Amino acid sequence: FMQTVYQRWAEQHQGPVSLRWVIELLSQEPELMAINSRVHQKKVQEQAKSVLILTAAGPETGLGHLGRMLPLAGALQDVAAAGVKLLIFGPQVERDELNLLPHQFVPPGEPDEQILTTACDQAEVIVVDMPQRLVTPSLLNVLVQTKELGKSLISIDFSLKPDQASLNWIPSFHLDESLPAGSAASFRHGWDCFLLRPPPARSWTGTPKVAILCGGSDPLDLATSLPR
C-alpha cells in the first residue's frame with residue numbers, strides 16, 4: 001500500500017507526501033485500501049513455517065524463474081505468515097522485491113554444499129524453480145537427503161524429475177498426458193496454478209490497449225512501466 005502511494009505521489013509531485021493528498025486519493029480510489037487486505041497478522045503463539053526457495057537468474061537463464069518466485073515469496077509472507085529465504089543461483093541482479101526478502105546469490109558453477117545443507121536444514125519446505133541443467137549432483141544430493149528427513153520438496157515446472165519431489169507444481173492449464181500413468185508423484189496444474197504478480201492497482205483508460213505476450217512472469221515488469 002505504501003509503495004503504491006509513494007509511486008502515485010512521485011508521478012506528479014516532489015518532496016514529502018502530503019497527508020491531505022493521500023486522503024483525497026483514497027476518497028477517489030477506495031479500492032486502494034484493499035491492497036493489504038490479504039496480509040495475515042500472525043498471532044503471538046503462532047509458529048511460522050520456514051520456506052526456502054531455490055531459483056536462478058542471469059544472462060543464460062533469464063529472469064523468468066526469479067520473476068515468478070518473487071510473488072510466491074511475497075504471498076507466503078503475507079498470506080501464510082511464513083519465514084521465506086531465497087537462494088538465487090547466478091550473478092547478482094537488482095529487483096525491488098528483494099529489498100523485502102532475505103536472499104543470497106550463489107555464484108555460477110558448483111555451489112558450496114555447506115551453504116545448501118545449512119539453508120535446507122533451517123527450512124521445513126523447499127521450493128525449487130530453476131532449469132534442470134542447474135540442478136547439480138551436489139544440489140540434488142542435498143535435496144534428496146532433505147526429502148528423506150520428511151520435509152516437503154516442491155518442484156516448479158519440472159525443475160526436478162517427478163519422482164524426486166513431494167509435489168510437482170505445473171504453472172499451466174495443460175499437463176502432458178505422456179507422464180507415467182499411476183505415478184506416485186503428486187501433480188498440481190490448472191488455471192489457478194499460475195504464479196503471477198497481482199495486477200497494478202491503477203487502471204489505465206482512455207488510451208489504446210496493447211496486448212504483450214511475455215511468458216507467465218513478466219520479468220521486466222512491463223505491466224507497470226509501459227502504461228506510464
Side-chain angles (χ1 to χ4, degrees), residues 3 7 51-78 84-113 115-116 119-120 123 125-140 142-143 153-162 164-165 167-176 178-179 187-200 210-228:
Q3 183 179 34
Q7 287 177 344
V51 180
L52 174 66
I53 295 178
L54 305 179
T55 189
E60 296 182 2
T61 305
L63 295 173
H65 296 280
L66 176 61
R68 64 186 177 187
M69 288 298 96
L70 290 174
L72 174 63
L76 288 170
Q77 282 187 330
D78 294 345
V84 181
K85 179 180 180 179
L86 285 87
L87 276 187
I88 306 167
F89 294 82
Q92 186 166 339
V93 297
E94 298 293 333
R95 294 301 294 262
D96 290 342
E97 297 96 325
L98 289 175
N99 295 329
L100 302 175
L101 292 165
H103 64 278
Q104 179 178 353
F105 286 94
V106 180
E110 190 76 8
D112 185 342
E113 189 168 348
I115 295 176
L116 299 173
C120 288
V125 179
I126 296 92
V127 180
V128 184
D129 185 5
M130 63 176 65
Q132 278 197 9
R133 61 180 172 80
L134 296 182
V135 182
T136 62
S138 62
L139 171 56
L140 183 59
V142 173
L143 294 176
L153 180 59
I154 302 174
S155 171
I156 306 294
D157 210 3
F158 297 106
S159 295
L160 304 173
K161 294 180 180 179
Q164 293 173 336
L167 173 65
N168 295 275
W169 188 277
I170 314 301
S172 171
F173 60 87
H174 172 73
L175 184 63
D176 191 345
S178 67
L179 291 170
F187 291 91
R188 282 288 307 274
H189 77 288
W191 289 105
D192 59 345
C193 290
F194 284 91
L195 299 167
L196 304 174
R197 280 179 289 182
V210 179
I212 301 173
L213 306 182
C214 56
S217 61
D218 187 15
L220 297 180
D221 200 17
L222 298 178
T224 300
S225 59
L226 278 183
R228 296 176 185 172

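Being a predicted model, the structure only gives us computed values, none of them experimental. Throughout, numbering of the chain's residues begins at 1 and tracks the sequence. All values below come from the heavy atoms of this structure, side chains included, with hydrogens, waters and symmetry mates left out.
To the nearest 0.5 angstrom, Ile53 atom CD1 is 8.0 Å from Leu70 atom CG. To the nearest 0.5 Å, the span separating CG on Asn168 from CG on Leu153 amounts to 9.0 Å. The distance from the OG atom of Ser172 to the CG atom of Asp157 is 8.0 Å, given to the nearest 0.5 Å. Separation of atoms CD1 (Ile115) and CD (Gln104) is listed at 5.0 Å; rounding is to 0.5 Å. The CD1 atom of Ile126 sits 11.0 Å away from the CG atom of Leu160 when rounded to the nearest 0.5 Å. With rounding to the nearest 0.5 Å, the separation of CG in Leu175 from NE2 in His189 is 5.0 Å.
Ring geometry for Phe158 versus Phe187: interplanar angle of 30 to 60°, hence tilted.
Between the side chain of Thr61 and the backbone N or O of Gly58, no donor-acceptor pair lies under 3.5 Å. Counting only distance, with no hydrogens or angles, the side chain of Ser155 and the backbone of Ala165 share no donor-acceptor pair below 3.5 Å.
Around the CD atom of Gln132, the shell of radius 6.0 Å holds more than 12 heavy atoms that belong to other residues, nucleotides or ligands. More than 12 heavy atoms of other shown residues, nucleotides or ligands fall within 6.0 angstrom of atom CG in Asp192.
Between Val128 and Leu139, the closest side-chain pair of non-hydrogen atoms is not below 4.5 Å. Looking at heavy atoms from C-beta onward, Leu101 lies in side-chain contact with Gln77 at the 4.5 angstrom threshold. Side-chain contact between Leu54 and Met130: present, with at least one pair of heavy atoms (C-beta onward) separated by less than 4.5 Å. Looking only at side-chain heavy atoms (C-beta outward), Ile170 and His174 stay at 4.5 Å or farther from each other. For the pair Arg95/His103, no side-chain contact is recorded, criterion being any heavy-atom separation below 4.5 Å from C-beta on. Residues Leu86 and Leu66 form a side-chain contact, since some pair of their non-hydrogen atoms from C-beta on lies under 4.5 Å apart. Contact annotation: the side chain of Leu195 approaches that of Trp169 to within less than 4.5 Å [non-hydrogen atoms, C-beta and beyond]. With a 4.5 Å cut-off on side-chain heavy atoms, Leu76 and Val125 do not count as touching.
Between Phe89 and Leu116 the shortest heavy-atom distance is CZ-CD2, 3.7 Å. Taking every heavy atom of both residues into account, Ala56 and His65 meet most closely at O-CB, 3.6 Å. Closest heavy-atom contact between Leu143 and Cys120: CD2-SG, 4.3 Å. In plain terms, the two heavy atoms of Asp129 and Thr55 that are nearest each other are O-OG1, 2.9 Å.
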